[in-house]
Amino acid sequence: MLHSIRLRASTLGLVLAAALFSAGCGKRGFDKLPEEQVDAARKHSAEEMGTKILSAWAKDEYPLLGEEAAPGFRRAHNEEDAQRVSDKALEKDLGNFKSMTYVETVRSKDGKFEVYRFKGSFEKSEAPNEVRVVLDTQGKLTGFWIKPWKDQI
C-alpha cells in the first residue's frame with residue numbers, strides 16, 4: 001500500500017526533492033507501459049489534475065480535492081495550510097508553474113498504481129522537473145510529486 005508524506009524540500013536550494021503528496025514510488029518496481037497500452041482517459045485525467053493543482057498554486061489558490069482523489073489522500077492533503085506550505089517551498093526553489101509535457105506512464109509491478117510522468121516547466125528553473133501524478137486502479141489520485149527530472153523512475 002502507498003503511504004503519503006508531507007512536503008520534504010532540500011534546504012540547499014540546489015535540488016528540490018519535494019513531494020507535496022508522495023506515494024513511496026521509489027521503493028517499488030515499475031514497468032514502462034507501451035504508449036498503445038496507456039489509457040488515454042486516465043492520462044488526460046492525470047495531466048488535468050497536475051495542471052489544475054499547480055496552476056491554482058501559481059495564483060495562490062488552494063482548491064480542495066474532490067472525488068478525483070482517493071479518500072485517504074484527500075484526508076491527508078486537502079488542508080489549505082498544507083497546500084500553501086508546499087506551494088511556497090516550490091515557489092522559493094522553482095518559481096511558479098508554467099506548463100508540463102507528458103513523457104511516459106509506468107505501472108507498479110503489483111499492478112496497483114500507474115505513474116504518469118511529465119516534464120514540468122517552472123519560472124526559475126531552466127532544468128526540467130518531474131511532475132509525477134500517481135493513480136490507483138480506480139483512476140483516483142493517490143500521489144503527486146514535484147522533483148528533479150531523472151530519465152528513469
Side-chain angles (χ1 to χ4, degrees), residues 1-10 16-33 37-123 125 128-150 153:
M1 173 166 222
L2 295 183
H3 299 284
S4 296
I5 60 174
R6 296 271 184 205
L7 176 75
R8 293 182 297 175
S10 167
L16 179 67
L20 161 64
F21 311 132
S22 80
C25 292
K27 301 208 183 336
R28 287 188 165 39
F30 293 92
D31 293 315
K32 181 177 178 177
L33 289 180
Q37 291 180 19
V38 174
D39 183 304
R42 284 187 182 211
K43 175 178 153 183
H44 177 75
S45 178
E47 186 167 12
E48 252 186 359
M49 283 187 264
T51 299
K52 174 185 169 184
I53 292 167
L54 293 171
S55 293
W57 287 5
K59 297 182 278 186
D60 293 326
E61 297 172 0
Y62 307 101
L64 296 179
L65 296 167
E67 291 300 313
E68 72 274 17
F73 189 83
R74 281 194 315 263
R75 279 191 304 275
H77 304 294
N78 238 0
E79 294 180 22
E80 185 175 322
D81 288 341
Q83 289 190 52
R84 183 179 292 107
V85 167
S86 298
D87 169 39
K88 295 308 174 191
L90 208 59
E91 277 182 24
K92 180 181 177 221
D93 288 340
L94 300 178
N96 282 320
F97 171 74
K98 293 184 348 187
S99 65
M100 62 188 208
T101 305
Y102 174 77
V103 176
E104 68 178 352
T105 301
V106 298
R107 181 178 291 145
S108 61
K109 290 202 183 280
D110 63 9
K112 293 181 180 180
F113 304 98
E114 289 182 343
V115 179
Y116 296 83
R117 300 182 72 214
F118 302 88
K119 281 190 179 177
S121 174
F122 293 82
E123 290 176 336
S125 178
N129 290 279
E130 180 175 355
V131 177
R132 186 182 297 180
V133 180
V134 183
L135 304 181
D136 65 13
T137 57
Q138 296 168 354
K140 303 286 185 176
L141 180 65
T142 60
F144 184 70
W145 295 64
I146 312 308
K147 56 193 298 162
W149 179 261
K150 291 185 181 178
I153 212 169

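These numbers were taken from a predicted model, which means no experiment stands behind them.
For Lys140, there are no side-chain hydrogen bond (donor to acceptor under 3.5 Å, both in side chains) partners, not counting sequence neighbours. With sequence neighbours excluded, the residues satisfying ring pair (Phe, Tyr, Trp, His ring centres under 6.0 Å) with Phe97 are Phe122. Not counting sequence neighbours, the partners of Asp31 by the side-chain hydrogen bond (donor to acceptor under 3.5 Å, both in side chains) test are Lys109. Remark: Ser125 engages Asn129 in a side-chain hydrogen bond (donor to acceptor under 3.5 Å, both in side chains) (not counting sequence neighbours). Listed by chain and residue number, Lys88 satisfy the salt bridge (Lys or Arg N to Asp or Glu O under 4.0 Å) test with Asp60 (two or more places apart in sequence, or in another chain).
A distance of 10.5 Å separates CZ of Arg74 from CG of Leu64, quoted to the nearest 0.5 Å. Taking CD of Glu130 as the reference point, atom CZ of Phe118 lies at 10.0 Å (rounded to 0.5 Å). Rounded to the nearest 0.5 Å, atoms OH (Tyr62) and CD (Gln83) are 8.5 Å apart. Taking CD1 of Ile146 as the start and CG of Leu90 as the end, the distance is 6.0 Å to the nearest 0.5 Å.
Heavy atoms only, all atoms of each residue included: Tyr102 and Thr105 are closest at OH-OG1, 2.7 Å. Minimum heavy-atom separation, Lys119 to Pro128: CD-CB, 4.0 Å. Nearest approach of Asp136 to Phe113, heavy atoms of both residues: CA-CD2, 4.1 Å. Closest of all the heavy-atom pairs between Asp39 and Tyr116 is O-OH, 4.4 Å. Contact between Trp57 and Asn96 at its shortest, heavy atoms only, is O-OD1, 4.3 Å.
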N/O donor-acceptor pairs under 3.5 Å from side chains in residues 44-56, not counting sequence neighbours:
residue: His44; atom: NE2; partner: Glu48; partner atom: OE2; Å: 3.2
residue: Thr51; atom: OG1; partner: Glu47; partner atom: O; Å: 2.9
residue: Ser55; atom: OG; partner: Thr51; partner atom: O; Å: 2.8

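A donor-acceptor pair is defined here as one N or O able to donate and one able to accept, closer than 3.5 Å; no such pair exists between the side chain of Glu104 and the backbone of Arg117.
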### Message
Run Asp81 and Arg84 through salt bridge (charged side-chain N to carboxylate O under 4.0 Å, His left out) and show every step you take.
### Response
CA-CA 5 Å; Asp81 288 341; Arg84 183 179 292 107; 3.0 Å; yes

### Message
Before you tell me yes or no, could you show the steps for Leu141 and Val134 under side chain to side chain contact (heavy atoms under 4.5 Å, CB included), namely the whole-Å CA-CA distance, both residues' side-chain angles and the distance that decides it to 0.1 Å?
### Response
CA-CA 6 Å; Leu141 180 65; Val134 183; 5.8 Å; no

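Residues Thr142 and Leu135 have side chains not in contact (no heavy-atom distance under 4.5 Å, counting atoms from C-beta outward). With contacts defined as side-chain heavy-atom distances shorter than 4.5 Å, the pair Arg132/Lys147 qualifies.
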